[in-house]
Amino acid sequence: MPAIRRRDTRSVLLRPLVPRRLGLAALGLAVALSLTACSGPANTTITVKGTVTDGLSTPVGVAYSGVNATVAIDGTDVPVASDGTFTITGVHAPYDAVVGIPSWNLVMVWVGLTRSDPTLALFLPGQMDTANVSGSIGTTLGANEVGVILPGGAGFAKGGTMLSPSSGPTFGPIAIGWGGSASRDTTLYALTGQVPTGGGPPTSYTGYGSANVSLADGVPVSGESISLGSVSTGAMGGHVSIPSGYTLDADGVVVRMGAPTGALLGIPPNTPSTSFTGLNVPVHSGIAYGITAKASNAAGRVTQAWRDASGPGTTATITLPAPAVPTAPASSATNVKPGTTFSWTALPSAVYLAELLAPSSSDPTVYIVTTRTSIPLPDTSAVGMPLTGGLTYGYQVQTMGPFASIDDFARPGALDGWIQLQTLFASGSGTVPYGTGSTDAPGAGVFWTQSDFSTFTAAP
């Protein structure tokens, strides 16, 4: 049996990304996939003007030259323009939007859309521009004093550095990566603090500052100066509820330097705990607070969440939802073919990403984005990329939320909270390292879950 090529989308946006240069021949989508029956009067149609982006909201037509993506809706397929946009007229809503990228052997189906301006964000590594930044914080760190320097703003998924005792006053070069355009302005944030001998969360904070910087792809920046001013220290507590049978892997307080669009910094307790008190946090104008946690079970299911909190002097609470669990087809099912039912358990206000993962890069992988808990397997032979008969595919379900509808998810910036939540846990279990983002996590917060991993064999 060929090995399953399991794609770890938990970190796919977060690891260092190498710009891709694709020059493969275009393979158009000849026939649209349709999973949703038309509703309303037959002569009621809309014009859909949408955009295809990667995980960092970079238009695919711009970032991936030569990728030749195609969008199919309601029986019509069109190529994605060089700026990532597409237009299809005469669409009956609700409709299914199918993004096909034959050069990547990828099909992505969005089920039940009604909006006329969807942003179809692919769950793929973003095309990143990078620049190295060097500078000074104006002081050398003392014994048991550490620091962090982070870029803030939307679309930054790489960058930042830790400063150790006796580091400084210089820093860098820091490799900062971003998506969206070849040139970006951002703010660098610096925070320093005292930690106990032997390590652990800070006991107090000693300096805080920021500096604006202009970035251009491949152009190094030097001589940046961040002046550190005074910052005070407060304390927060936290309480985390996790599903039965799960183990708490990491938790802690989240601070956003330069709120509401600055850089996230996770501050964990010494060891993960469902209840913690006295965790020291920096107090300064422009800093906002939150709480985050991650848990998993022996089957490989994972749940993460992050939400806003009131700040120093309070105890923040967060509840991790139980992941959606596939209920059909049964693991190791055979003779799976178009029309076979794929289903899973429900989560409130969730968007589901059903992943049918190919056994090799030469076979098609299918992603289905929906708010439904049961769908028929689409016939991807209609777009020239059928599942390879007789081969074993992986199957898992991710959820993201909260979202009011699939239309809510198909808006610009819908992945921002998801990207931030992923970056908070990018460095592995047991710690909550830094991350970056652009949108706070209000109310019940942002959640993400992943089911266990099963397999099925495609019909010959």
Results of side-chain hydrogen bond (donor to acceptor under 3.5 Å, both in side chains) for [X] - residues two or more places apart only:
X: Thr371; answer: none
X: Thr87; answer: none
X: Thr388; answer: Asp363
X: Thr303; answer: none

Go through the structure and list residues passing side chain to side chain contact (heavy atoms under 4.5 Å, CB included) with [X], not counting sequence neighbours.
X: Val369; result: Met108, Trp110, Phe123, Val351, Leu353, Ile406, Phe409
X: Val219; result: Ala216
X: Asp408; result: Phe403, Ala404, Ser405, Arg411
X: Ala121; result: Thr53, Leu415

Is it true that Tyr64 and Trp104 have ring centroids separated by less than 6.0 Å?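 Distance test on ring centres: under 6.0 Å, yes.
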
Pairs in or reaching into residues 58-67: which pass salt bridge (charged side-chain N to carboxylate O under 4.0 Å, His left out), with residues at least two apart or in two chains?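 Not a single pair qualifies under salt bridge (charged side-chain N to carboxylate O under 4.0 Å, His left out).
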
Could you name each residue pair satisfying side-chain hydrogen bond (donor to acceptor under 3.5 Å, both in side chains) that touches residues 320-339, not counting sequence neighbours? Thr327-Ser343

Which pairs, with at least one residue in residues 239-277 and sequence neighbours excluded, count as a ring-ring contact (aromatic ring centres under 6.0 Å, His included)?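 Checked against ring-ring contact (aromatic ring centres under 6.0 Å, His included) - neighbours excluded - no pair reaches residues 239-277.
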
How would you list, by chain and number, every residue that makes a ring-ring contact (aromatic ring centres under 6.0 Å, His included) with Phe342, sequence neighbours excluded?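 Phe342 satisfies ring-ring contact (aromatic ring centres under 6.0 Å, His included) with Tyr395, Phe456 only.
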
